[in-house]
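To start, the structure itself, in structure tokens.
When a residue number appears, it is its place in the shown sequence, counting from 1. All values reported here derive from a predicted model rather than from experimental measurement.
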Amino acid sequence: MELDLEKLRHLITKRGDKIETIVAGTGYLPRTVIGVATFLLDNDGDIDLLTAKQQVTFEKFLRPLL
């Protein structure tokens with residue numbers, strides 16, 4: 001999957017409320033999801049660099065918002 005880095009950047013800088021809403025009640029922290037998103041931005045959206053746990057976080061929370 002080709003990530004739209006601008007959408008990802010917009011999500012974590014302007015739409016943090018969406019992240020907070022999607023993680024509410026799951027036991028995950030919004031900062032964890034934002035951390036994975038930031039890692040992806042720093043690495044040009046290369047999903048292959050994510051650890052197994054980060055990939056779960058991406059699939060559960062970030063992919064649906066993108």
> In Å and rounded to the nearest 0.5 Å, what is the CZ to OG1 distance from Phe61 to Thr26?
Replying inline: 4.0 Å
> Rounded to the nearest 0.5 Å, what separation is found between the CD1 atom of Ile34 and the CG atom of Leu41?
Replying inline: 11.5 Å
> CD1 of Ile12 to NZ of Lys7: how many Å apart, nearest 0.5 Å?
Replying inline: 15.5 Å
> Got Asp4 and Leu66 here, is their nearest side-chain heavy-atom distance under 4.5 Å?
Replying inline: no
> Say you draw a straight line from CG of Leu11 to CG of Leu5; how long is it, rounded to the nearest 0.5 Å?
Replying inline: 12.5 Å
>> Is there a side-chain contact (heavy atoms from CB on, under 4.5 Å) between Thr57 and Leu62? Walk through the geometry before answering.
In response: CA-CA 7 Å; Thr57 301; Leu62 292 172; 5.6 Å; no
>> Minimum heavy-atom separation for Glu20 and Pro30, please, with both atom names.
In response: CG-CG, 3.9 Å
>> Tell me the closest heavy-atom pair linking Leu49 and Gln54, and the distance in Å.
In response: O-OE1, 4.3 Å
> Is there side-chain contact between Ile22 and Tyr28, with heavy atoms separated by less than 4.5 Å?
Replying inline: no
> CD1 of Ile47 to CZ of Phe39: how many Å apart, nearest 0.5 Å?
Replying inline: 11.5 Å
>> With a 4.5 Å cut-off on side-chain heavy-atom distances among I, L, V, M, F, W and Y, is there a chain of contacts connecting Val36 to Leu29?
In response: no
